[in-house]
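Since the structure comes first, as structure tokens, the remarks are kept for the end.
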Protein chains: 2
Amino acid sequence: MFKMSKKVEYALISLLYMAERKEGELTTARELSENFNIPQEIGGKVLQSLTRNGFISSVQGVKGGYQLAMDAAKINVTDVIAAVDGPLQVVGCAVEADKCNCEQLSYCNIRSPMEIIQLKLIEFFNTISIKDLQKNTIPSAFFHGNIEQRSYPVKFSDQ
Amino acid sequence: MFKMSKKVEYALISLLYMAERKEGELTTARELSENFNIPQEIGGKVLQSLTRNGFISSVQGVKGGYQLAMDAAKINVTDVIAAVDGPLQVVGCAVEADKCNCEQLSYCNIRSPMEIIQLKLIEFFNTISIKDLQKNTIPSAFFHGNIEQRSYPVKFSDQ
DNA sequence: TTTAAATCCGACTAAATTTGTCGGGTTTAA
DNA sequence: TTAAACCCGACAAATTTAGTCGGATTTAAA
């Protein structure tokens, strides 16, 4: 699989929704729940995480709600993931170095590539902002990779 | 979190290991298990998936083992993930269209961005080959994104 | 021809993680 | 005072992932 958690999905949906609102217009957790089938309590917690991390600001009480607290162009996907799910860890191998008994003790030429793929992914998400998602304009320079492009869906699989 | 499954990790480690071998040199499941702390049965299954999908070939019997069946430059991470874990699905929203009751019925300007992020990630992994991982030369054109770069680790988080 | 090392594979269990719920509390406009 | 909203920790359910078990098949070599 390899999919984003629901929390991240809810966070991105919420941020995108708020990014479409005018300055000063508040969005409630309830509104988001109803429009996007988000369980209310979870949605609320996600919004609270986003608030604690400064992406949005909240107004309490009746007529309260949330609004973006930052320019949509300055909120990137890496940070959103980190805010609601904790730091990205792509491969355990890159983290649990103590559990690795590779032949070379000081330098493992397997682990290193795994760390790289992890870092690259973080950097990739770091280049995608909420504004990019709104505009559908994710920077696409990385398409000029050095192996053949292919049409989807992917053809391999066990399941 | 957002990390790769162990199976993908084992697959990449195994492929990298075999890519370092000379043409015709076989690698056994046992060898991989011992060198990289991979549970033997799981490791075996992963290798069998890779075999079924044509990335490696197997030789049965005593003195048997596995070897790359393709140029390391032609094996990309997207396909490896698909082979051992099934097709990538980053956001359920992009897949479970029926469960989405967004206001606009025919066109959802929230779901569309989610689909895009999913496709972009697939394409990103598609640009990374086993050979790139060996050489530590992942195409890095995408670094010229349009939002500020930042040093890691990421500063936000709840946990 | 027997043995042992190896690949192959389906079904199952255990562990971990994710997802969602419950039961509260606080803030504030009306 | 009420009700709508945000806030939040602890818990339960569900799902997914990781790993195990019990085999079967293939084949080099003793």
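In the text below, chain A, chain B and the rest are named by the order of the sequence lines, each starting its count at 1. These figures come from a predicted structure and were not determined experimentally.
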Heavy atoms from C-beta onward define the side chain here; which of C:dC8, D:dG19, C:dC22 lies closest to that of A:Glu41? C:dC22
Would you say the side chain of A:Lys45 and the base of C:dT21 hold a donor-acceptor pair, judged only by whether the two atoms sit under 3.5 Å apart? yes
Which nucleotide in the set D:dG19, D:dA5, C:dT7 lies at the smallest distance from any side-chain heavy atom of B:Gln60? C:dT7
Please test B:Gln67 against B:Ser57 for side-chain contact (heavy atoms from CB on, under 4.5 Å), starting from the C-alpha separation and ending with a verdict. CA-CA 6 Å; B:Gln67 61 188 316; B:Ser57 61; 3.4 Å; yes
Which nucleotide in the list D:dG19, D:dC7, C:dT19 gets nearest to the side chain of B:Pro39? D:dG19
Assigning hydrophobic clusters by single linkage (Ile, Leu, Val, Met, Phe, Trp, Tyr; side-chain heavy-atom cutoff under 4.5 Å), is B:Ile56 placed with B:Ile42? yes
Judged by nearest nucleotide, the residue sitting upstream toward the 5' end of DNA chain C, B:Lys63 or A:Gly61, is B:Lys63
Given D:dC7, C:dA6, C:dT21, the nucleotide with the shortest approach to the side chain of A:Gln48: D:dC7
Count I, L, V, M, F, W, Y as connected when their side-chain heavy atoms are under 4.5 Å apart, and connections chain through other members. Are B:Val46 and B:Val59 then in the same cluster? no
Ion pair check, B:Glu41 and B:Lys45, cut-off under 4.0 Å: no
Select from B:Val62 and B:Leu47 the residue whose nearest nucleotide in DNA chain C is closer to the 5' end of that strand. B:Val62
Need one value for A:Gly65: base, sugar-phosphate or nothing, where a base atom within 4.0 Å counts as base even if backbone is also close, heavy atoms only. sugar-phosphate
Minimum-distance nucleotide to A:Thr28 side chain [options: D:dA5, C:dC9, C:dT19]: D:dA5
